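The next block holds one structure in the form of C-alpha cells; read it before the comments.
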Amino acid sequence: MTDFHAAAATADTPIEPALPEGWELVVGLEVHVELDTATKLFCGCANQFGSEPNTNVCPTCLGLPGSLPVMNGRAVELAMILGRALGCTVNRSVMARKNYFYPDMPKDFQTTQYDQPTNVDGRIVLGDGFVVGIERAHIEEDTGKSTHIGGGGRINDALYSLVDYNRAGVPLVEIVSRPDVRTIEHAKAYVEELREILIATGVSDARMEEGSMRVDANVSVRPFGSGELRTRCEIKNINSVRSLGRAIEFEAQRHIDLWTSGDAPHQETRHWDEEGGRTRSGRSKEDADDYRYFQEPDLVPLEPTDETIAAIDAAMPPLPSVRRTALTDATGADPDTVGLLVARGQDGLALDAIAEGVDPDKVVTRLVNDLAVDDWSRVTAPALAALVRMESAGDLSATQAKQVLGDLAEKGGDPAAHAAERGFEAMDTDELETLVDRLIAEHPDEWSRFTAGDDGDRKKMQGFFTGQIMKATQGQADGKAVAQILGRKASG
Ligand code: ZN
Ligand code: MN
C-alpha cells in the first residue's frame with residue numbers, strides 16, 4: 001500500500017509517564033473536522049462560517065417533510081483524500097441514521113456512517129516517531145448550533161435558547177484514533193499533526209477557534225504496565241490544544257483519586273470547563289443500541305473505483321512529515337525550528353531560496369525570526385535569496401536585513417531597492433573603528449570590565465558596547481564586525 005508518511009523514526013527517548021508513579025494514562029481521540037466544500041453535504045446551501053443566523057438553510061437541511069438528500073461529491077472526495085493521507089484503506093461505505101433528539105438537529109437523526117465507514121485502519125506518525133493508530137475516519141453531517149441565554153450559558157438553567165441551522169448539514173469527517181496515546185504531550189502532538197495534514201491536503205482549514213476542528217478525548221488510567229482497559233470518560237468542549245492537555249491532566253487525576261479511594265469512575269460524557277479548570281459531568285454515555293442505527297434509505301452506498309483511489313494517491317501533496325525531513329536534510333536545523341517553518345508553510349520558500357545557492361542557516365534564521373506574519377505571500381524565493389546574499393556579503397546588517405524582509409512581506413519587490421530606499425549602506429570598517437574608539441573613551445569603566453572582567457562581565461559589556469554602537473548607527477552596523485573590532489582592541 002502507498003505510504004505518504006516519512007519513514008517512522010524510532011523514538012529513542014523513553015516515554016515519560018505523565019501521571020503519578022505507578023499509573024499509566026490511556027487516551028483515544030475523536031476529532032471532528034468540517035470539510036472545505038462550497039456547499040453542505042446533502043443540499044446546495046453555502047458551507048460558510050460567520051453568516052447571519054439561519055440564512056444558509058433550505059428544506060433539506062431543515063429536515064422538512066418530503067425533502068431528500070443529494071450527496072456532495074466533493075465532500076466524498078475530500079474524505080477519501082484524508083483517508084489516504086492517514087494511510088487508511090478506503091472501503092465501500094454506507095450512510096446510516098443515528099437517531100436521537102436534540103433541538104439543533106432538525107431531522108431528529110444524524111446522517112452518518114456506522115458499521116461500514118469510508119476509511120479504516122490508518123495511522124499518524126508523530127514528530128518523534130511515535131505511531132498512533134487510526135481506527136476509522138467516517139463521513140457525517142454537522143448539527144446546528146444552540147446558544148443558551150441566561151443561567152451562565154448552560155442549558156439546564158437558561159432562560160431561553162436560540163438555534164442557528166447554518167451549520168446543520170455541513171460535511172464532517174470524524175477521525176477516531178485507537179487508544180494508543182500514553183502522554184499528554186503525544187495527545188497534543190497528535191492533534192497538531194492531524195491539523196497540519198488537514199491543511200496540507202486542503203481537506204479543512206482546521207480552525208479550532210472557529211469550530212471547524214473539534215477534539216473529544218476518551219481518558220482512562222490503569223496501573224502501569226497492566227495492559228487492561230478501565231472505564232473511560234469522554235471529554236467534550238475542548239477548543240484548543242492547550243485546553244486538551246489541561247483537560248486530560250485533570251481527568252486522569254480525578255480517575256486516580258477515585259480508584260485509590262476504593263471508588264471507580266463511571267462511563268459518561270464530561271465537559272471541559274475552561275475557567276474552572278475542571279471537567280463536569282454531562283449526560284451518561286449512550287450505547288450504540290440507544291441510537292437505533294439503521295441504513296439510510298435515501299442514499300446509495302459509496303463505491304470508489306480503483307481508478308479513483310489511484311488518482312487520489314497520484315495527486316497527494318507532500319505531507320508535513322515528508323516536508324520536515326526535506327527541510328532538515330537541506331538545512332540541518334533543529335526539530336523545533338523545522339516544525340515551525342513547516343507549520344507556517346514556509347518550507348517551500350526556504351528550499352527554493354536555498355536552491356539558489358545561499359547560506360541555509362541565514363535563510364532559516366531570517367524566516368524563523370523575522371517572517372512570523374500572517375501574509376508573507378509577496379516574498380518570493382529569488383527575493384529572499386537576494387536578501388540573504390546581501391547579508392552574507394556584509395552589505396546589510398542583521399537588523400537591516402530584518403527590516404528589508406519586512407518591506408518585502410508588505411510590498412513585494414526587490415530587496416536591493418528597499419535597502420536603497422531606506423538608505424542602508426554598509427558602514428565601512430574605518431568609520432566603525434572610529435566610533436568604537438570614541439565609545440571606549442566615553443565609557444572607561446565598562447571598557448575595563450570588558451577587558452579585565454570575568455566571562456560574565458565580558459559578555460555583559462560586549463552587549464553594552466554593541467547596543468551603544470547599534471544605537472549610534474541606527475542598527476546599520478554589522479554585529480559580527482563590531483564583535484571582531486571589540487575583540488581585536490581588547491587583545492591589542
Ligand atoms: Zn440546505
Ligand atoms: Mn460524530
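None of these values were measured; they are calculated from a predicted model. Just so you know, ligand 1 is whichever comes first in the structure, and atom 1 is the first atom listed for that ligand.
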key: Residue and atom names of protein N/O/S atoms that fall under 2.8 Å from the Zn ion (ligand 1)   = Cys43 SG, Cys45 SG, Cys58 SG, Cys61 SG

query = Does the pair Arg366/Asp359 count as a salt bridge with the N-to-O cut at 4.0 Å?
reply = no

message = Using a strict threshold of under 4.0 Å (side-chain N to carboxylate O), is an ion pair present between Glu192 and Arg195?
response = no

note = For Asn119 and Ala79, the nearest pair of non-hydrogen atoms, with its separation, is ND2-O, 3.1 Å

query = Among all residues two or more places apart in sequence or in another chain, which pass the side chain to side chain contact (heavy atoms under 4.5 Å, CB included) test with Arg324?
reply = Glu193, Glu196, Pro320, Ser321, Val338, Val342

query = Lys402 versus Leu405: any side-chain heavy-atom pair under 4.5 Å?
reply = no

query = Okay, side chain of Asp164, backbone of Asn54: is any donor-acceptor separation there less than 3.5 Å?
reply = yes

Salt bridge (charged side-chain N to carboxylate O under 4.0 Å, His left out) against Arg74, all qualifying residues, sequence neighbours excluded = Glu77

ask   = In terms of side-chain geometry, is the basic nitrogen of Asp375 or Arg378 positioned less than 4.0 Å from the acidic oxygen of its partner?
value = yes

remark   = Listing protein N, O or S under 2.8 Å around the Mn ion (ligand 2) gives His32 NE2, Glu140 OE2, Glu174 OE1

ask   = To the nearest 0.5 Å, how far apart are CG in Asp180 and OH in Tyr190?
value = 9.5 Å

